[in-house]
Amino acid sequence: MNWEEIYGGIRAFAGRAATKINQTADMAGLQVKLSMAETRLQEAYAELGRASFGHFVEDKENFDQIAACITNVKNAILDIRTVKAQIEELRQRVADAEREAASFKETVADTAAEAAQAHKMAQEAKRDAEERAAAVRAKQEAEAEPLEVFDFDEDDVITDVSETDDAVDIVLEEE
């Protein structure tokens, strides 16, 4: 795995973290929406109770009002069911995201372990190569023939130069 893949994985993880934050905010918004729908349901039941009380106790002809209250109760119940379904869907997405994050965390850990192992192997290979190179240099130095060193003095001047292309023998005077 190369650094680009690791960097891409980190960016994806950051994106998932942002998604998690958004999901948490969405969950909070849905909880508020659910509370409001439940409050509307309680208000609708209270209004239905007042209308029914007026109809049965005070002999009021308020069937339209009672029907409107029943419609409000039904609408509030539908709103609550809808919001609860949205909350459940969001919970499922959060659970899926958490599973995916755990899987990604394992992948990152595995990648880090692989990178550490590769680094260790590279260091060992480098040490081995350095040791081999040192051994080869030592062997070459041990097997190398010493170079002959000529010591030329001012007295060692060639005075007779051939003007042909024939081989020239150089004779050095020894002291």
Side-chain angles (χ1 to χ4, degrees), residues 1-140:
M1 183 168 266
N2 61 31
W3 289 110
E4 289 178 16
E5 290 173 350
I6 292 171
Y7 179 70
I10 291 169
R11 288 185 63 196
F13 181 73
R16 283 191 286 278
T19 300
K20 176 75 172 168
I21 290 169
N22 288 338
Q23 289 173 340
T24 302
D26 291 346
M27 183 67 78
L30 288 173
Q31 291 293 352
V32 168
K33 196 173 178 181
L34 178 61
S35 293
M36 291 172 50
E38 288 173 341
T39 300
R40 282 195 311 272
L41 177 63
Q42 294 304 318
E43 291 170 355
Y45 275 136
E47 184 62 32
L48 178 60
R50 281 191 289 277
S52 297
F53 178 79
H55 177 72
F56 290 111
V57 176
E58 299 174 0
D59 290 330
K60 287 185 181 177
E61 291 291 327
N62 57 357
F63 291 114
D64 291 339
Q65 184 183 6
I66 292 172
C69 291
I70 290 171
T71 300
N72 288 340
V73 167
K74 287 181 179 180
N75 287 340
I77 290 171
L78 286 175
D79 286 347
I80 289 171
R81 286 181 184 158
T82 300
V83 172
K84 284 184 177 180
Q86 290 172 342
I87 288 172
E88 188 54 39
E89 179 185 332
L90 186 56
R91 282 187 179 141
Q92 186 60 42
R93 284 190 295 171
V94 167
D96 291 345
E98 287 173 349
R99 280 191 296 279
E100 186 178 331
S103 173
F104 178 76
K105 186 177 178 182
E106 289 175 10
T107 301
V108 168
D110 291 346
T111 301
E114 288 175 10
Q117 183 64 24
H119 180 71
K120 181 180 176 183
M121 289 173 60
Q123 286 179 327
E124 290 173 1
K126 180 182 175 189
R127 276 193 300 276
D128 185 48
E130 288 171 349
E131 289 172 1
R132 287 176 186 235
V136 167
R137 278 193 301 273
K139 182 178 178 184
Q140 287 173 342

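Numbering starts at 1 and runs along the sequence shown.
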Fill in: Where M27 and L90 come nearest, the two heavy atoms and their spacing
N-CD2, 3.2 Å
With [X] via side chain to side chain donor-acceptor pair (under 3.5 Å) - residues at least two apart:
| X | result |
| --- | --- |
| R137 | none |
| R81 | none |
| R99 | D96 |
| N72 | none |

Applying side chain to side chain contact (heavy atoms under 4.5 Å, CB included), can you list everything that pairs with [X], at least two apart in sequence or on another chain?
| X | answer |
| --- | --- |
| Q117 | K120, M121 |
| K84 | L34, E38, I80 |
| Q140 | V136 |
| R132 | D128 |

Please report the interatomic distance [atom1]([X]) to [atom2]([Y]), rounded to the nearest 0.5 Å.
| X | Y | atom1 | atom2 | result |
| --- | --- | --- | --- | --- |
| N75 | T82 | CG | OG1 | 10.0 Å |
| Q31 | D26 | CD | CG | 12.0 Å |
| E88 | R91 | CD | CZ | 6.0 Å |

Side-chain donor-acceptor pairs of residues 40-48 under 3.5 Å, sequence neighbours excluded:
unit_1: R40; atom_1: NH2; unit_2: D79; atom_2: OD2; d: 3.0
unit_1: E47; atom_1: OE1; unit_2: R50; atom_2: NH2; d: 3.1
unit_1: E47; atom_1: OE2; unit_2: Q65; atom_2: NE2; d: 3.1

Item to complete: Taking the side chain as every heavy atom from C-beta outward, state whether K126 and Q123 have any pair of such atoms under 4.5 Å apart.
Response: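 Contact flag for K126/Q123 side chains = no.
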Worksheet item: Can you list every ring-ring contact (aromatic ring centres under 6.0 Å, His included) pair that touches residues 62-100, not counting sequence neighbours?
Response: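 Applying ring-ring contact (aromatic ring centres under 6.0 Å, His included) to every pair that reaches into residues 62-100, excluding sequence neighbours, yields H55-F63.
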Worksheet item: Mind checking what makes salt bridge (charged side-chain N to carboxylate O under 4.0 Å, His left out) contact with E89, not counting sequence neighbours?
Response: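 Here no residue qualifies.
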Worksheet item: Which pairs, with at least one residue in residues 63-76 and sequence neighbours excluded, count as a salt bridge (charged side-chain N to carboxylate O under 4.0 Å, His left out)?
Response: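 Passing the test, one end in residues 63-76: no pairs.
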